[in-house]
Amino acid sequence: MHHISIEQQNLTHTSRFIMLGLSAYPQLQSTFFTLFLLIYLMALLGNLLIITIIRADARLHTPMYFFLGNLATLDICCTSSIVPKMLEILMSESKSISFSSCITQLFFLSSAISTEVLLLTLMAFDRYVAICLPLHYTSIMNMKLCITTVVVIWFCGLVNATTHTSLITRLSFFGKIALDHFFCEIPPILKVSSSDTYINDIVILLADIFLGMFSFFLTCMSYMCILYSIVKISSAANKRKAFHTCTSHLLVVALFYGGIIYTYVRPALNASGDKDKFVSVIYAIVSPVLNPIIYSLRNQEVKSALTQILSIKIFSSRI
């Protein structure tokens, strides 16, 4: 028995996962490679631009843009943890990823996503205070509180990711196992394990309820209060502008949370479907492209700061 357990442990740590996410379309491998590369570059450049603008312009050193800078950082972490490896797998013959690489990818992805869930809730609350309680905004959303809160939610994201990955490393995987997915994610990995995943499923469900559903509820409540305040605005032009901004934010939030809830709650409830991997792409790859556009680049203050920075650069180069 001792010999068998050692052999199983070795197989657990030396197995490779074969990624079958796009293998059904061999003639489109180059097209998918180009598409995902473009999306990744857009997400990377867009979020780096946001971080640069916020750091460069002192007028943007406020709680709202502090949160936006953190969101951009998380989006870079999220896409960088999965897309480069996806591109490598697309161009490889084996279409495989080692167990250790898969767990590492899973850790950084889970950490970024769970932190972003909490950050979006905090950002919604920030907008609620700014619009619904403007006279108390400075006292409530002071920078010391914002920094402390952000540190806490980053820590919570790391704890959540550590918990899930630690539980997965205790499972058994034998030989080369096929994952019908684009990248390493918890539900498809649990599906191919030869061990009992009951504890994993319970932990996922609990995390999804407290991190996902509860945060989504708080975020929606904040935006509902904001929309109610917007309705009472007398100026039609200001009302349209504020309403358009909030609905755009709600769309991004709905896509992000909807994808997470769909991906993580359904497997824990013993449900599955072929659409799971495509839904994962929405919140893990598409959302990081939309976030800088919706939250920042359409913002007049950000565009003004970008114009000023470009003007200074052009003027300096001419001198």
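All figures in this text were calculated on a predicted structure; none of them were measured in a lab. Hydrogens, waters and symmetry mates are skipped; everything else that's a heavy atom, side chains included, is used.
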Inset, instruction - Test side-chain contact (heavy atoms from CB on, under 4.5 Å) on Val150 and Thr148 and set out the steps. - result: CA-CA 6 Å; Val150 166; Thr148 302; over 6 Å; no
Inset, instruction - Report, as yes or no, whether the 6.0 Å neighbourhood of atom CD1 on Ile199 holds more than 12 heavy atoms from other residues, nucleotides or ligands. - result: no
Legend entry - CZ (Arg59) with more than 12 external heavy atoms under 6.0 Å: yes
Inset, instruction - Report yes if some heavy atom in the side chain of Asn142 is under 4.5 Å from a heavy atom in the side chain of Thr138; otherwise report no. - result: no
Inset, instruction - Take Leu145 and Thr149 through the test side-chain contact (heavy atoms from CB on, under 4.5 Å) and record every step on the way to the result. - result: CA-CA 6 Å; Leu145 176 64; Thr149 310; 3.9 Å; yes
Inset, instruction - Kindly give the heavy-atom pair with the smallest separation between Leu179 and Pro188, and that separation in Å. - result: CD2-O, 3.3 Å
Legend entry - Check: Thr165 side chain, Ala161 main-chain N or O, donor-acceptor pair, under 3.5 Å: yes
Inset, instruction - Using modelled atom types only, decide if a donor and an acceptor are shared between the side chain of Thr121 and the backbone of Val117 within a distance under 3.5 Å. - result: yes
Legend entry - Heavy-atom closest contact (Cys77 atom, Ala112 atom, distance): CB-CB, 4.4 Å
Inset, instruction - Check the surroundings of atom OH in Tyr128: do more than 12 heavy atoms from other residues, nucleotides or ligands lie under 6.0 Å from it? - result: no
Inset, instruction - Supply the atom-to-atom distance Leu106 CG to Thr104 OG1, rounded to the nearest 0.5 angstrom. - result: 9.5 Å
Inset, instruction - Give the ring-plane orientation class for Phe214 versus Phe217, where under 30° counts as parallel, over 60° as perpendicular and anything between as tilted. - result: parallel
Legend entry - Atom of Tyr257, atom of Leu120 and distance for their closest heavy-atom approach: OH-CB, 4.0 Å
Inset, instruction - Identify, with sequence neighbours excluded, every residue that meets side-chain contact (heavy atoms from CB on, under 4.5 Å) alongside Thr34. - result: Leu38
Inset, instruction - Work out which heavy atom in Phe183 is nearest to a heavy atom in Ser280; give both atom names and the distance. - result: CZ-CB, 3.7 Å
Legend entry - Distance-only polar pair, side chains of Asn70 and Glu116, donor-acceptor under 3.5 Å: no
Legend entry - Hydrophobic cluster identity match, Phe67 and Leu49, side-chain contacts under 4.5 Å: yes
Inset, instruction - Return the minimal non-hydrogen interatomic distance between Ala124 and Thr219, and the atom names on each side. - result: CB-CG2, 3.7 Å
Inset, instruction - Determine, using ring centers only, whether Phe173 and Phe17 are less than 6.0 Å apart. - result: yes
Legend entry - Phe66 side chain reached by Met143 side chain, heavy atoms, under 4.5 Å: yes
Inset, instruction - Give the C-alpha distance, both sets of side-chain angles, the deciding distance and a yes or no for side-chain contact (heavy atoms from CB on, under 4.5 Å) between Ile189 and Ile168. - result: CA-CA 8 Å; Ile189 291 177; Ile168 287 176; 4.0 Å; yes
Legend entry - For Asn200, all residues meeting side chain to side chain donor-acceptor pair (under 3.5 Å), sequence neighbours excluded: none
Inset, instruction - Would you kindly say whether the two SG atoms, from Cys184 and from Cys102, are closer than 2.5 Å? - result: yes
Inset, instruction - Any chance you could measure Tyr223, atom OH, to Ser229, atom OG, to the nearest 0.5 Å? - result: 13.5 Å
Legend entry - Hydrophobic cluster identity match, Phe125 and Ile294, side-chain contacts under 4.5 Å: yes
Legend entry - Short side-chain to backbone donor-acceptor contact, Ser215 and Gly212, under 3.5 Å: no
Legend entry - From CD1 (Ile39) to CG (Leu44), nearest 0.5 Å: 13.5 Å
Legend entry - Side-chain touch Met141/Met64, heavy atoms, less than 4.5 angstrom: no
Inset, instruction - Kindly compute the distance separating CD1 (Ile54) from CG (Leu60), expressed to the nearest 0.5 Å. - result: 6.5 Å
Inset, instruction - Please step through side-chain contact (heavy atoms from CB on, under 4.5 Å) for the pair Met86 and Ile285, ending with a clear verdict. - result: CA-CA 11 Å; Met86 280 178 61; Ile285 300 177; 3.8 Å; yes
Legend entry - Distance (rounded to the nearest 0.5 Å) between Ile82 CD1 and Tyr40 OH: 10.0 Å
Legend entry - Shortest non-hydrogen contact from Ser110 toward Asn160: O-ND2, 4.4 Å
Inset, instruction - Determine whether Met123 and Ile140 fall in the same hydrophobic cluster, where Ile, Leu, Val, Met, Phe, Trp and Tyr are linked whenever their side-chain heavy atoms lie under 4.5 Å apart. - result: yes
Inset, instruction - Verify the neighbour count for atom CZ of Phe108: are there more than 12 heavy atoms of other residues, nucleotides or ligands below 6.0 Å? - result: no
Inset, instruction - Flag yes if more than 12 heavy atoms outside Met221 fall under 6.0 Å of its CE atom; otherwise flag no. - result: no
Legend entry - Distance-only side-chain donor-acceptor flag, Ser96 / Arg16, under 3.5 Å: yes
Inset, instruction - Look at the side-chain heavy atoms of Ile, Leu, Val, Met, Phe, Trp and Tyr, link any pair under 4.5 Å apart, and say whether Ile177 and Ile186 land in one connected group. - result: yes
Legend entry - Non-hydrogen side-chain atoms of Ile103 and Thr169 separated by less than 4.5 Å: yes
Legend entry - side-chain hydrogen bond (donor to acceptor under 3.5 Å, both in side chains) between Ser194 and Ser172, worked out: CA-CA 6 Å; Ser194 56; Ser172 298; 4.6 Å; no
Legend entry - Side chain Ser111, main chain Phe107, donor-acceptor under 3.5 Å: no
Inset, instruction - May I ask you to decide if the ring planes of Phe182 and Phe36 are parallel, tilted or perpendicular, using 30° and 60° as cut-offs? - result: tilted
Inset, instruction - Check the hydrophobic clustering (I, L, V, M, F, W, Y; side-chain heavy atoms under 4.5 Å; chains of links allowed) and say if Val192 and Leu190 are grouped together. - result: yes
Inset, instruction - For Lys95 and Ile18, indicate whether the former's side chain and the latter's backbone hold a donor-acceptor pair under 3.5 Å. - result: no
Legend entry - Spacing of Leu48 atom CG and Asp75 atom CG [to the nearest 0.5 Å]: 11.0 Å
Legend entry - Asp57 and Tyr65 side chains, donor-acceptor separation under 3.5 Å: no
